[in-house]
Amino acid sequence: MFDQLPCIKQSIPLQIVESNQMQTPYNIYKPLKVYRQKYLGISSTVASISFEEITMASVKPWSLVLVVFCIMSLSYFVNGAGSNEGLGASFIFGDSLVDAGNNNYLQTLSRANIPPNGIDFKASGGQPTGRYTNGRTIGDIVGEELGVPSYAVPYLAPNSTGKAILYGVNYASGGGGIMNATGRIFVNRLGLDIQIDYFNNTRKQFDKLLGPSKAKDYISKRSIFSITIGANDFLNNYLLPVLSFGARISESPDAFIDDMINHIRNQLTRLYQLGARKFVIGNVGPIGCIPYQKTINQLNENECVDLANKLAMQYNRRLKELLSELNGKLQGAIFVHANVYDLVMELITNYTKYGFTTASKACCGNGGQFAGIIPCGPTSSLCKDREKHVFWDPYHPSEAANVIIARQLLNGNTTYISPVNLKQLRNL
């Protein structure tokens with residue numbers, strides 16, 4: 001990696017590619033872009049700066065600038081991105097909304113490692129990676145924007161060892177939930193309790209890589225823990241026909257949501273005890289509005305399933321109260337509330353405002369008016385204008401929708417992300 005610095009190699013690429021599986025060439029040369037534009041007058045669209053270009057510029061007193069830049073760059077690579085330039089590590093927990101390929105390594109009925117999933121994922125050349133969308137997940141986009149030079153590697157992937165984990169690890173699993181019984185229809189999945197077990201293993205690896213003291217600082221001060229979970233606890237647990245029928249007779253919605261809140265309180269506290277301090281917790285989106293729910297309930301385009309959305313909103317109110325409780329209770333931690341429900345509902349309600357042509361029909365899927373019954377796969381119908389669909393498949397947003405959601409979480413105000421946005425959280 002060091003041979004890409006201008007004082008060591010005769011060319012400075014604007015982007016690098018890590019050797020990890022399915023990594024993307026993030027632009028991590030932010031200092032370089034400033035140097036190029038401010039001191040050399042070279043456009044950011046130029047692919048690289050040659051040694052000769054720097055030498056020509058150095059006939060003026062730029063040699064000192066170059067020396068300073070080399071020192072800054074070495075520090076950047078040795079110590080990771082600076083506090084204002086990039087995040088140390090991104091640890092991602094959750095379900096299929098942010099799964100980056102963990103389910104590829106499970107014997108499960110919930111998988112997305114088949115085309116055309118990933119068709120727009122540039123890092124893989126359009127090949128499926130196990131992401132349940134056509135391109136990047138919200139977690140991928142947030143990581144890029146926060147300065148993480150590589151995607152968080154799936155925990156179950158063979159290359160989730162050694163220095164690869166310093167950029168973060170993804171533990172999310174399609175079908176996973178807060179409750180351990182959630183997603184059993186898929187046979188295998190990683191619930192949040194198991195995901196935290198796996199982070200405990202990662203935490204021990206950090207101690208070996210950095211030493212206990214540096215590992216503690218890296219985890220607590222320079223890393224963000226994002227949790228996107230809860231939808232499956234309704235869709236593939238409490239609301240699931242047949243399998244949940246007995247539970248719904250014996251347990252009221254209030255009692256079920258009480259259980260969810262108690263579980264996630266313990267789970268977040270456990271992460272805190274393992275060293276996590278910067279958290280972002282997404283609430284449950286408007287699950288009554290996804291193409292699957294609209295299709296099986298034979299709704300019109302502008303209708304949503306009322307019960308599913310009411311359960312989500314009831315849980316979301318309790319979750320927000322819980323995060324306020326934890327912010328007051330767990331010293332040194334900050335729990336950020338991501339209002340995914342309102343964000344997605346805004347996209348669905350005002351989709352034309354954001355350049356979409358539909359917020360009801362899945363781009364990839366089959367069955368019914370909204371292509372919402374059969375999951376995306378090789379035999380599915382596929383829309384030509386993928387960037388014009390809010391939903392990629394019967395359950396998951398498209399990359400275009402993910403980009404809009406991620407940017408609000410990164411830069412938005414307290415309507416969607418509070419008490420701080422993610423760029424502010426990174427710099428705390």
Side-chain angles (χ1 to χ4, degrees), residues 1-5 13 15-29 73-82 85-94 98-106 113 118 121-125 127-131 136-173 190 194-212 214-227 271 274-276 278 426:
M1 185 180 288
F2 296 136
D3 66 354
Q4 293 175 311
L5 296 175
Q15 298 180 329
I16 66 169
V17 181
E18 294 291 336
S19 61
N20 298 336
Q21 179 187 11
M22 301 303 183
Q23 301 298 318
T24 187
Y26 295 169
N27 187 345
I28 63 170
Y29 286 90
S73 298
L74 283 168
S75 175
Y76 186 93
F77 283 105
V78 171
N79 298 315
E85 286 295 341
L87 191 66
S90 175
F91 296 106
I92 299 172
F93 303 79
V98 288
D99 187 349
N102 280 307
N103 276 27
N104 297 352
Y105 305 95
L106 297 175
N113 60 338
F121 190 61
K122 294 179 181 178
S124 67
Q127 296 302 307
T129 62
R131 288 166 169 82
R136 295 166 296 168
T137 68
I138 295 172
D140 295 330
I141 298 161
V142 166
E144 289 180 33
E145 292 296 321
L146 291 182
V148 181
S150 298
Y151 290 138
V153 61
Y155 176 83
L156 295 180
N159 62 330
S160 63
T161 58
K163 293 183 179 180
I165 69 173
L166 293 178
Y167 298 132
V169 179
N170 185 308
Y171 306 89
S173 172
L190 308 178
I194 295 175
Q195 293 179 33
I196 296 170
D197 287 343
Y198 287 158
F199 172 71
N200 188 29
N201 296 337
T202 301
R203 184 69 184 78
K204 295 171 184 175
Q205 293 179 51
F206 266 81
D207 283 347
K208 292 180 180 178
L209 282 169
L210 302 177
K214 288 185 178 179
K216 181 181 178 181
D217 283 349
Y218 195 87
I219 296 294
S220 64
K221 297 178 181 178
R222 300 198 48 226
S223 301
I224 288 180
F225 291 73
S226 66
I227 296 94
L271 281 172
L274 290 171
K278 296 180 180 183
R426 174 194 61 187

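Nearest heavy-atom pair across Pro154 and Ser160 is O-CB, 3.4 Å. Closest non-hydrogen pair, Tyr167 versus Val148, comes out as O-CG1, 3.4 Å. Across all their heavy atoms, Pro128 and Asn113 have their closest contact at CB-C, 3.7 Å. Between Ile219 and Gly275, the shortest heavy-atom contact is CG2-O, 3.6 Å.
Residues satisfying the side chain to side chain donor-acceptor pair (under 3.5 Å) criterion with Asp197, sequence neighbours excluded, are Arg270. Every residue meeting the side chain to side chain donor-acceptor pair (under 3.5 Å) condition with Thr202, not counting sequence neighbours, appears here in chain and number order: Tyr171. Asn201 is linked by a side chain to side chain donor-acceptor pair (under 3.5 Å) to Tyr155, counting only residues two or more places apart in sequence or in another chain. Checked against side chain to side chain donor-acceptor pair (under 3.5 Å), Asp207 has the following partners two or more places apart in sequence or in another chain: Arg203. Val98 meets the side-chain contact (heavy atoms from CB on, under 4.5 Å) test with Ile92, Ala172, Thr228; sequence neighbours excluded. In this structure, the ring pair (Phe, Tyr, Trp, His ring centres under 6.0 Å) partners of Phe206, at least two apart in sequence or on a different chain, are Phe91, Tyr218. With sequence neighbours excluded, no residue satisfies salt bridge (Lys or Arg N to Asp or Glu O under 4.0 Å) with Lys214.
Judged purely by atom type and a 3.5 angstrom limit, Asn102 has no side-chain atom pairing as donor or acceptor with the backbone of Leu190. Judged by distance alone, with hydrogens and angles left aside, the side-chain atoms of Gln127 form no donor-acceptor pair with the main-chain N or O of Gly118 at under 3.5 Å. Within the 3.5 Å criterion, the main-chain N or O of Lys221 finds a donor-acceptor partner in the side chain of Lys278. No side-chain donor-acceptor contact under 3.5 Å links Ser223 to the backbone of Ser220.
Annotation: side chain of Ile224 is not in contact with side chain of Ser90 (no heavy-atom distance under 4.5 Å). The side-chain heavy atoms of Ile138 and Val142, taken from C-beta on, include a pair separated by under 4.5 Å.
For the atom pair CG of Asn159 and CD1 of Ile165, the computed distance is 11.5 Å after rounding to the nearest 0.5 Å. To the nearest 0.5 Å, atom CG of residue Asn200 and atom CD of residue Gln205 are 10.5 Å apart. Separation of atoms CG (Leu271) and CD1 (Ile227) is listed at 6.0 Å; rounding is to 0.5 Å. To the nearest 0.5 angstrom, Thr137 atom OG1 is 6.0 Å from Arg131 atom CZ. Note: Glu144 CD to Tyr151 OH = 4.0 Å, rounded to the nearest 0.5 Å. In this structure, CG on Leu166 lies 5.5 Å from CG on Leu210, to the nearest 0.5 angstrom.
Counting only N and O atoms by type, the side chains of Ser173 and Asp99 include no donor and acceptor under 3.5 Å apart.
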Which is it for Leu156 and Leu106 under the side chain to side chain contact (heavy atoms under 4.5 Å, CB included) test, yes or no, and what are the steps along the way?
CA-CA 9 Å; Leu156 295 180; Leu106 297 175; 3.8 Å; yes
